Amino acid sequence: MRKLLIAANWKMYKNPAESTAFLTHFAPLVKQNDRAEVVLCPPMTSLPALVDAARGKAVSIGAQTMHWLNEGAYTGETSPTMLTAIGATHVLIGHSERRQHFNETDTTVNLKLKSALAHGLVPIVCVGEHLHERESNKTADVLNLQVSVALEGIDPAALGPLVIAYEPVWAIGTGKTATPEIAEEAHKIIRAQLAKVAGTAVAAATRILYGGSVKPDNAASLCCLEDIDGALVGGASLDPGSFSQIVANATAR
Ligand code: PEP
């Protein structure tokens with residue numbers, strides 16, 4: 001039985017004071033929940049304050065990206081050891097906005113995944129097709145390639161913490177949500193590819209989240225499906241009421 005994971009991606013929103021104020025409102029609304037793990041991924045500058053504020057609460061804190069090296073002349077970057085030193089436990093890898101605006105590729109996703117696993121961070125690897133790829137029936141090819149390159153050279157025994165987020169690019173921040181049928185079909189493709197490249201045990205144990213315009217009113221129908229193990233939420237995670245409602249609705253199944 002895979003435990004649900006509901007993660008918030010705050011993108012470039014909320015300063016440290018706004019982030020901790022969110023937690024003050026949000027934490028009491030989710031504290032009874034033992035069916036799902038809840039993770040907040042704020043901007044880097046909010047991480048230390050949020051890690052401190054989340055101690056003793058049923059909420060984990062993750063980063064939105066990281067470099068794969070521990071240190072070096074990489075202006076502006078944050079390393080995995082810097083994240084673990086402040087107590088972050090999760091990290092998003094290869095979000096489509098990182099791929100689109102910051103030239104991240106399946107190869108850098110692979111380097112980051114190896115590094116996150118080596119440092120004990122829970123990696124949430126984002127994959128998903130563009131609209132033109134879906135419309136030309138290339139969704140399965142795109143997802144299979146993204147998954148297989150991401151996992152290249154990684155011992156399946158090391159993949160216990162792996163989480164994958166299926167985020168169709170056409171559904172992110174657009175208000176267009178994949179139907180439960182579209183999402184479930186894509187999740188099945190991803191799970192089958194995991195089985196092919198890492199074995200059936202890894203495929204059965206890996207949580208695959210759906211992301212793309214998840215809101216309180218569609219969270220239940222998306223998260224109640226066999227192969228959907230939670231959600232990665234952008235816009236609707238910025239408000240404590242709306243995000244706690246997503247957690248409640250997603251875990252009501
Ligand atoms: C995201 O940024 O990962 C995301 C899913 O955004 P939104 O929920 O706003 O579509």
Side-chain angles (χ1 to χ4, degrees), residues 4-14 18-19 22 26 36-44 46-47 50 59-66 88 90-102 104 106 109 112-113 116 122-131 133-134 139 142-143 146-147 150 162-180 182-184 186-187 190 207-223 225 227-250:
L4 291 176
L5 195 159
I6 318 285
N9 172 18
W10 286 353
K11 314 193 185 200
M12 200 167 68
Y13 294 97
K14 295 192 190 295
E18 292 164 339
S19 299
F22 176 100
F26 177 74
E37 223 180 304
V38 177
V39 181
L40 303 178
C41 299
M44 291 293 182
S46 290
L47 279 174
L50 216 42
V59 177
S60 302
I61 307 300
Q64 295 174 15
T65 185
M66 65 170 206
H90 293 65
V91 62
L92 302 182
I93 294 177
H95 189 279
S96 66
E97 287 155 12
R98 301 289 316 169
R99 295 177 189 252
Q100 184 186 346
H101 302 299
F102 302 99
E104 295 201 11
D106 292 337
V109 167
K112 290 179 182 207
L113 176 55
V122 176
I124 303 175
V125 174
C126 304
V127 299
E129 79 287 358
H130 289 266
L131 186 58
E133 292 165 333
R134 172 159 290 274
T139 300
V142 170
L143 296 178
Q146 287 175 334
V147 170
L162 175 67
V163 178
I164 292 189
Y166 168 61
E167 298 211 303
V169 181
W170 48 269
I172 296 180
T174 59
K176 287 185 198 158
T177 315
T179 61
I182 287 179
E184 175 66 9
H187 283 227
I190 292 167
R207 288 176 293 178
I208 307 177
L209 317 183
Y210 170 77
S213 298
V214 174
K215 306 271 185 278
D217 61 1
N218 59 25
S221 59
L222 285 161
C223 290
L225 298 168
D227 285 290
I228 303 186
D229 308 306
L232 178 55
V233 187
S237 72
L238 291 167
D239 173 74
S242 135
F243 191 49
S244 63
Q245 199 57 57
I246 288 174
V247 174
N249 293 353

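First listed ligand is number 1; within each ligand, the first listed atom is number 1. All of these numbers come straight from a predicted model, not from anything done at the bench.
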Practice task
Assess the side chains of K112 and T65: does a donor N or O sit below 3.5 Å from an acceptor N or O?
Solution key: yes
Exercise for the section: Without swapping roles, check the side chain of K14 against the backbone of P42 for a donor-acceptor pair under 3.5 Å. Expected result: no
Practice task
Would you mind reporting whether F243 and L40 have side-chain heavy atoms less than 4.5 Å apart?
Solution key: yes
Exercise for the section: Verify the distance criterion only: is there a donor paired with an acceptor across the side chains of Q64 and H95 at less than 3.5 Å? Expected result: no
Exercise for the section: Determine yes or no for a side-chain-to-main-chain donor-acceptor pair under 3.5 angstrom, with E184 supplying the side chain and D227 the backbone. Expected result: yes
Completion exercise
At under 4.0 Å between heavy atoms, what of N9 touches ligand 1? The answer is side chain
Handout entry: Which of the ligand 1 atoms, numbered from 1, are nearer than 4.0 Å to a heavy atom of S213
Key = 7 (P), 8 (O), 10 (O)
Exercise for the section: Assign the ring pair W10 / F22 to parallel, tilted or perpendicular, where the plane angle (0 to 90°) is split at 30° and 60°. Expected result: perpendicular
Exercise for the section: Would you mind running through ligand 1 and noting each atom that sits below 4.0 Å from a heavy atom of G173? Expected result: 7 (P), 9 (O), 10 (O)
Exercise for the section: Identify, by atom number and element, the atoms of ligand 1 in contact range of K11, meaning under 4.0 Å from any of its heavy atoms. Expected result: 1 (C), 2 (O), 6 (O)
Completion exercise
Quick note on ligand 1: atoms under 4.0 Å from a heavy atom of A171 include exactly 10 (O)
Completion exercise
Checking heavy-atom distances from atom 3 (O) of ligand 1 to each of E167, K176, K215, the winner is E167
Fill in the blank from the handout: Closest non-hydrogen atoms of L209 and L5, given as atom of the first, atom of the second and distance, are CD2-O, 3.5 Å
Fill in the blank from the handout: among protein heavy atoms, the one nearest atom 1 (C) of ligand 1 is H95 NE2, 3.2 Å
Practice task
Indicate yes or no: does an N/O atom of G212 lie under 3.5 Å from an N/O atom of ligand 1?
Solution key: no
Practice task
For L232, take its heavy atoms, then give the atoms of ligand 1 lying under 4.0 Å from any of them.
Solution key: 3 (O), 5 (C)
Problem - Side-chain donor/acceptor of S60 to backbone N/O of V39, under 3.5 Å - result: no
Fill in the blank from the handout: Looking only at protein heavy atoms, what sits closest to atom 8 (O) of ligand 1 is G234 N, 2.8 Å
Handout entry: ligand 1 to G235 polar contact by distance, N or O atoms, under 3.5 Å
Key = yes
